[in-house]
Every structure is written in C-alpha cells, then in structure tokens.
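Each residue takes its place number in the sequence, starting with 1. Computed from heavy atoms alone, side chains included, the values below leave out hydrogens, waters and symmetry copies.
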Amino acid sequence: MKPENKMKLIQIFKALSDPNRLMIIKSLIQDEPGAERHCTSFGLQLTRATRSHHFKVLREAGLISQVDKGNCSLATLRRKEIEKEFPGLLELISTNWKTL
C-alpha cells in the first residue's frame with residue numbers, strides 16, 4: 001500500500017470510530033449510488049454544530065462530498081473513489097462493523 005493511502009486509511013478509520021459518523025456512512029451505503037441526503041435526514045439527535053462537525057470529519061476523510069443548496073447541505077457518499085482506492089472497504093463497513 002502506498003504511504004499516502006495508508007495515511008488516508010488511518011484518517012478514514014478515525015472518522016468511522018465515532019458511532020454517529022459510522023451510522024451516517026452505513027446509511028449512505030444503503031442508498032442508491034449518487035443519492036444526495038440532507039444532513040437532518042439521518043435522525044441524529046445532535047445540535048446543529050455537532051452535526052456539522054461530524055459531516056466535516058467525514059468530508060475531510062474523503063468519505064463524503066457535500067453540496068450547499070440554499071439553506072441546506074446535501075451529503076453524497078464518494079462510493080466510486082472509495083472503491084477505487086480501497087476495494088471492499090464499503091462492503092466491510094456495511095456487513096461487519098456494528099454501530100455502538
């Protein structure tokens with residue numbers, strides 16, 4: 001594995017270490033490829049600032065992209081990029097990792 005991929009994988013695992021962020025990614029994996037989800041659609045019982053922080057961590061880890069549309073932000077799983085760089089990672093997350 002290339003050193004930069006190793007570092008990126010560590011950042012991804014850190015991002016997924018939080019149960020809320022893991023739940024977001026597992027939910028996005030179940031969506032159709034390319035689906036956009038409003039950040040409030042995940043049912044997180046968190047303040048807006050905390051929710052924004054979690055989405056920022058996921059975005060910086062390269063797991064999601066976000067598009068601002070007016071007063072809302074829509075999240076999309078970066079499925080193709082993740083599968084290209086880390087084949088099988090999304091399957092591992094969806095089938096083997098339990099949300100705490």
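Note on residues 20-42: pairs passing ring-ring contact (aromatic ring centres under 6.0 Å, His included), not counting sequence neighbours, are Phe42-Phe55. Pairs of residues two or more places apart, or lying in two chains, never qualify as salt bridge (Lys or Arg N to Asp or Glu O under 4.0 Å) while including a residue from residues 41-52.
Proximity of a side-chain donor or acceptor of Arg78 to a complementary backbone N or O of Ile64 within less than 3.5 Å is not detected. Ser17 contributes a side-chain N or O that, together with a main-chain N or O of Lys14, makes up a donor-acceptor pair within less than 3.5 Å. Between the Arg21 side chain and the Ile25 main chain, no donor and acceptor come within less than 3.5 Å of each other.
With a 4.5 Å cut-off on side-chain heavy atoms, Val57 and Leu63 do not count as touching. Side chains of Thr76 and Leu28 form no contact here, defined as non-hydrogen atoms less than 4.5 Å apart.
Hydrophobic cluster membership is shared by Leu89 and Ile24, with clusters built from Ile, Leu, Val, Met, Phe, Trp and Tyr side chains linked at under 4.5 angstrom. Val67 and Leu77 fall into different hydrophobic clusters, where Ile, Leu, Val, Met, Phe, Trp and Tyr side chains are chained together by heavy-atom contacts under 4.5 Å.
Nearest heavy-atom pair across Arg79 and Pro33 is NE-CA, 3.7 Å. Taking both residues in full, the closest heavy atoms of Gln66 and Ser73 are given as NE2-OG, 3.2 Å, listed atom of the first, atom of the second, then distance. A pairwise comparison of heavy atoms in Glu91 and Glu83 identifies N-OE2, 4.5 Å as the closest pair. In terms of heavy atoms, Ala61 sits closest to Ile12 at O-CG1, 3.6 Å. Taking each heavy atom of Thr50 and Thr47 in turn, the nearest pair found is OG1-OG1, 2.9 Å. Minimum heavy-atom separation, Ser94 to Gln30: CB-NE2, 4.0 Å.
From Ile93, atom CD1 reaches atom CG of Leu16 across 4.5 Å, with rounding to the nearest 0.5 Å. If you take OG on Ser27 and CG on Leu44, they are separated by 9.0 Å, rounding to the nearest 0.5 Å. A distance of 8.0 Å separates CD1 in Ile82 from NZ in Lys8, rounded to the nearest 0.5 Å.
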